[in-house]
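Data block below; observations after.
Here is how names work: the chains are called A, B, and so on, in the same order as the sequence lines, proteins then strands, and each is numbered from 1.
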Amino acid sequence: MIYRTIEIPIKGLFNEQECLWFLSRGYDDCLYRVYPDRVRRAFQSGTEQMLVDIYPLPDRLVVNWLTAEPSEQGEDHIRDFLNGWFDLEIELEVFYQKLSFYPELAYMTTQFRGLRFMGMPDLFEAFAWSIIGQQINLPFAYKIKRRLVEHYGSLIDYQGDRHYLFPSPESVAGASINDLKVMQLSGRKIEYLMTMASEITDHKLSKKILYALPDFAGRLKYLTSLRGIGQWTANYVLMKSLKERSSIPHGDAGLLNTLLRHHIITDKNDGAAIEELFRGFSGWESYLVFYLWRSLAPDPNSQ
DNA sequence: TCCCAGGGCATCA
DNA sequence: TGATGCCATGGG
């Protein structure tokens, strides 16, 4: 039974298969399920919980509500979320023009054509995920994330499957330190995670507060003043959650590896070459990072 | 056993 | 301002 269907039009290049592939790409993300033609995810808006199927098509997203008719606010919440998740308002042509100037990178304009920056619209989820992922490998990070979500997140039971929502900052702020340790979070990371949860529940930090700061540099400065948030995490959260186009998570292990692989740098301390590259992508730095990360994974079409 | 992994902090010169 | 050590643990 489908309770409501909406269609969200997409302007410009959009490769639905690349985006679906990115969502699965071999990792175990507990917040959605990817099928060949759609992704299923649970959402919460206020006290309203919703489960929807999202069908990405070349020119639009089709969204079906599976458990109940949404309220007007619920529908708006999902429209906003999808806009951030699939980066629906970007026009990629300018980025591809810039890529085409670089012989080592030009292949991306065809191989990854239509791939949008896959965001993480929920601010607390973005902070929690970036803190969890600091300095550990991704499979382990996804394991910890699943433990956290299954313990502190609420869920929608649908046709025998559990669809989890990311834990609220309130539930994490009130968590027991011992319970978090059992999940194999380090003492430092527990401290950072609870700091961020408290900042948000105390209304000291929100997307609105960050947007109200004068510019990107101001947002970076504010975030890096918080305990546990360094340059990497601040840039990661700003690009994933606030769609900051000029973010570069400096020092990122994957980024440095892919720059080596593309022969843009010859050693990981070659900051000048990195700066030189990103200077050519002004306003598109985070897109370049995202495409470089994408290139680390095998091409799904060649498997 | 060793090194790396989608870092950050404290300390010290 | 930059270098070093430490945290913490899975995975190759």
Side-chain angles (χ1 to χ4, degrees), chain A residues 21-31 85 112 115 117-120 122-149 166 177-199 205 219-244 246-262 264-265 267-272 274-275 277-278 285-298:
Chain A
W21 177 83
F22 179 85
L23 290 174
S24 52
R25 71 190 161 121
Y27 294 117
D28 171 40
D29 198 306
C30 54
L31 293 179
W85 197 12
F112 307 145
L115 173 64
F117 187 104
M118 301 303 292
M120 202 173 280
D122 182 83
L123 186 66
F124 179 57
E125 182 192 333
F127 276 116
W129 175 234
S130 57
I131 289 167
I132 291 169
Q134 288 172 359
Q135 192 59 17
I136 58 173
N137 60 65
L138 277 176
F140 184 41
Y142 277 102
K143 270 189 196 172
I144 295 176
K145 177 180 173 182
R146 177 174 283 281
R147 290 175 189 147
L148 190 74
V149 167
F166 198 78
I177 290 176
N178 277 337
D179 286 350
L180 292 171
K181 276 200 167 153
V182 169
M183 295 175 187
Q184 291 182 283
L185 276 161
S186 69
R188 280 272 172 81
K189 287 187 181 180
I190 292 170
E191 187 189 333
Y192 301 162
L193 194 57
M194 298 189 92
T195 298
M196 299 315 297
S198 301
E199 288 284 321
L205 181 63
R219 289 187 270 277
L220 259 188
K221 189 175 176 187
Y222 179 70
L223 287 182
T224 52
S225 73
L226 299 169
R227 189 161 172 75
I229 310 301
Q231 283 291 327
W232 180 87
T233 309
N235 276 291
Y236 184 89
V237 168
L238 287 175
M239 71 159 70
K240 292 292 271 188
S241 199
L242 277 79
K243 293 202 274 189
E244 173 55 62
S246 293
S247 277
I248 306 167
H250 291 286
D252 180 82
L255 177 60
L256 292 171
N257 283 333
T258 181
L259 290 173
L260 282 172
R261 203 182 286 185
H262 283 87
I264 289 164
I265 57 175
D267 76 88
K268 291 184 177 180
N269 294 317
D270 194 353
I274 297 173
E275 198 179 320
L277 172 69
F278 279 104
E285 291 91 335
S286 61
Y287 251 89
L288 177 58
V289 171
F290 187 69
Y291 270 55
L292 286 166
W293 278 339
R294 167 65 183 86
S295 73
L296 285 167

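Scanning for ring pair (Phe, Tyr, Trp, His ring centres under 6.0 Å) contacts around F290(A) gives F22(A), F117(A), with sequence neighbours left out. Partners of W129(A) under the side-chain hydrogen bond (donor to acceptor under 3.5 Å, both in side chains) rule, at least two apart in sequence or in another chain, are Y236(A). By the side-chain hydrogen bond (donor to acceptor under 3.5 Å, both in side chains) test, K145(A) pairs with D29(A), sequence neighbours left out. A search for side-chain hydrogen bond (donor to acceptor under 3.5 Å, both in side chains) contacts involving R146(A) returns D28(A), E150(A), not counting sequence neighbours.
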* Structure fact -> Readout for nucleotides 7-13 of chain B: B = base within 4.0 Å of protein heavy atom, S = sugar-phosphate only, - = neither; 5' to 3' it is BBSS---
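Each of L185(A) and P139(A) was assigned the nucleotide of DNA chain C with the nearest heavy atom; the assignment lying further toward the 5' end belongs to L185(A).
Within 4.0 Å (heavy atoms only), N235(A) reaches no atom of the nucleic acid at all.
Atom P of dC9(B) sits at a distance of 24 Å from the matching atom of dG10(C), rounded to the whole Å. Taking the P atoms as reference points, dG8(B) lies 23 Å from dG11(C), given to the whole Å.
Here the range on DNA chain C touched by chain A, meaning any atom under 4.0 Å from one of its heavy atoms, is dA8(C) to dG11(C).
Contact annotation: N257(A) reaches the phosphate of dA5(B) (side-chain N/O to OP1 or OP2, under 4.0 Å).
Considering CD1 of I131(A) and CG of L185(A), their distance stands at 9.5 Å, rounded to 0.5 Å. The distance from the CE atom of M239(A) to the OH atom of Y287(A) is 11.5 Å, given to the nearest 0.5 Å.
Around atom CG of L260(A), more than 12 heavy atoms belonging to other residues, nucleotides or ligands sit under 6.0 Å away. Residue K181(A) places its NZ atom among 12 or fewer non-hydrogen atoms of other residues, nucleotides or ligands, all under 6.0 Å distant.
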